[in-house]
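To find a chain, count down the sequence lines: A is the first, B the second, and so on, and within it residues start at 1.
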Amino acid sequence: MAIIKAQKGTKDILPADIGLWHFMEKTALDIFSRYGAKEIRTPIFEATELFARGVGDTTDIVNKEMYTFEKSERSLTLRPENTAGVVRSFIENGMHRLSAPVKLWYKGPMFRYERPQAGRQRQFHQVGVEVFGIKQPTADAEVIFMATNYLKALGLNNLSVEINSLGCPDCREIFKSKLKEVLKPYLSEMCPDCQTRYEKNPLRLLDCKVPECNEIYAKPEIQSVIQSDFICDDCSSHFEELKTYLNELKIDYSINKLLVRGLDYYNRTVFEIKSNSLGSQNAVCGGGRYDSLVKNLGGEDTPAIGFAMGMERLAALLNEKMEYKTHAFVISNNSLEAIKLTEEVRNAGFSCEFDLTNKKFVKQLEKASKVAKYALILGEDEIAQNKVTVKNLETSEQKTVNRDSKFFI
RNA sequence: GCGCCUGUCGUCAAGUGGUCAAGACCUCGGAUUGUGGUUCCGAUAUGCAUGGGUUCGAAUCCCAUCAGGCGCCCCA
């Protein structure tokens, strides 16, 4: 009979890798807590409309990548990202009445119907942070600190931070129309993708990889528009203040004027953190400010900023195996005594196992050396004297001690 | 949705039309009569993703399907 396999783009996280995931999750709790962030867990599925209104119905994520299904005449969707869900919960639970800022973090699976490739799955995991209620750039800085400190705590150093400001809706519209105007004469020479982007999201034109397009965009009159500081005075001073904080705190970053991001809700600050050892899906973190999303979803007008990180991509960079070893393995040909001692050690708070099949001494020791740090040898002599021989399986040191002493620590 | 590549034991892998489909690791059994990870012996694919086709003969050639990898698009 044919076996049933995991679905395309989904993966098991096996015991051999789970240590790494526990490490990422524990570090998230540890680091984000230092900033006063609290974990929130929202449902895996939400009303489809939440994503259409929240993420934006012109985005690819909403247009072609959602897992949507009908149940009891409702249209439901497996969350493709978690900002919309967290915002929904923020509004629904009246969190705007909590003392600002409200700092939330989350981790969990997300679902996007895409062609899988390196660093991209259909079910993948994100860990992210959202900070609500602060319009000042101090929040932008703090969110970027949270991201960089988390990555540092994981032991990831060779990552580059890129930032940009998209401006507010007003100044962005002016920039968009300027850009479209200067590009209009070349529209017919651009690649088909760029022609649709020209209408849909002109800002995205700029990081096209087709050589012909790049030639066009390299023209002086177009570069002068791209490189111009189009953002208004308020947006500009917000961005300058953020840069001051990053400079003073010695965060290594660069400004990428082409950094746009694909979700509709961003304004002002956007940022990405990239690795150069991940192939083409190289962003481990993406985030930005979304000051109008809470209001657009029906809540009180509340500024907000956040980020999300792809945990599979982090795991790919953290290639160390963190396999758990059992603390102790009891070796004895007396099953009853082995059970008793094993339970004693477990009750003292340590992981412990014994050979359930009562194999020969040598086999038990061999098994112990594979799975445990210590062997607790309980032979005829030890039982008779109420003792146990404790052997360190890495150093081979061993000593025989009284059974009731704290030998296992 | 598009392009390129791949699919042999749990894992890595040899084999490119004609002996019983190498080998290694893992796993399991045994030997060495209480000391392993670093000894020795043995077991483990009538099967080469699946379904068709070509051929006297196919894991090896062809087609389709499925799955995987990489890239485009997009994104974490």
Could you check how far [atom1] of [X] sits from [atom2] of [N], rounded to whole Å?
X	N	atom1	atom2	value
Q117(A)	C72(B)	CD	C1'	8 Å
M311(A)	A76(B)	CE	P	16 Å
I61(A)	C74(B)	CD1	P	12 Å
K359(A)	C28(B)	NZ	P	6 Å
D12(A)	G10(B)	CG	P	16 Å
E162(A)	A76(B)	CD	P	14 Å
Q364(A)	G34(B)	CD	C1'	11 Å
N282(A)	C72(B)	CG	C1'	15 Å

Considering every strand and a 4.0 Å limit on heavy-atom distances, what is the contact class for [X]: base, sugar-phosphate, or nothing?
X	result
E272(A)	nothing
K274(A)	nothing
G379(A)	base
G128(A)	nothing

Establish, with yes or no, whether the OP1 or OP2 oxygen of [N] is under 4.0 angstrom from a side-chain nitrogen or oxygen of [X].
X	N	answer
K363(A)	G34(B)	no
K8(A)	G68(B)	yes
K360(A)	A31(B)	yes

Please tell me which of V284(A) and I377(A) maps to the more 5' nucleotide of RNA chain B, matching each residue to the nucleotide holding its nearest heavy atom.
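That would be I377(A).
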If you assign each of K370(A) and E397(A) to its closest nucleotide in RNA chain B, which residue comes earlier from the 5' end?
K370(A)
Between the side chains of R403(A) and E337(A), is the shortest nitrogen-to-carboxylate-oxygen separation below 4.0 Å, so that they form an ion pair?
yes
Regarding E397(A) and K391(A), does a basic nitrogen lie under 4.0 Å from an acidic carboxylate oxygen?
no
With side chain to side chain contact (heavy atoms under 4.5 Å, CB included) as the test, would you mind laying out the steps for L314(A) and Y150(A) before giving the verdict?
CA-CA 11 Å; L314(A) 295 176; Y150(A) 176 62; 3.9 Å; yes
Can you tell me whether the side chain of [X] and the base of [N] have a donor-acceptor pair closer than 3.5 Å?
X	N	result
R120(A)	C74(B)	yes
E114(A)	G1(B)	no
E366(A)	U35(B)	no

Nucleotide opposite G71(B) in a Watson-Crick or G-U pair, distances under 3.5 Å
C2(B)
Donor-acceptor pair, Q136(A) side chain versus T138(A) backbone, under 3.5 Å?
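Judged by distance alone, no pair lies under 3.5 Å.
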Taking the six-membered ring for Trp, is the centroid-to-centroid distance between Y324(A) and H22(A) below 6.0 Å?
yes
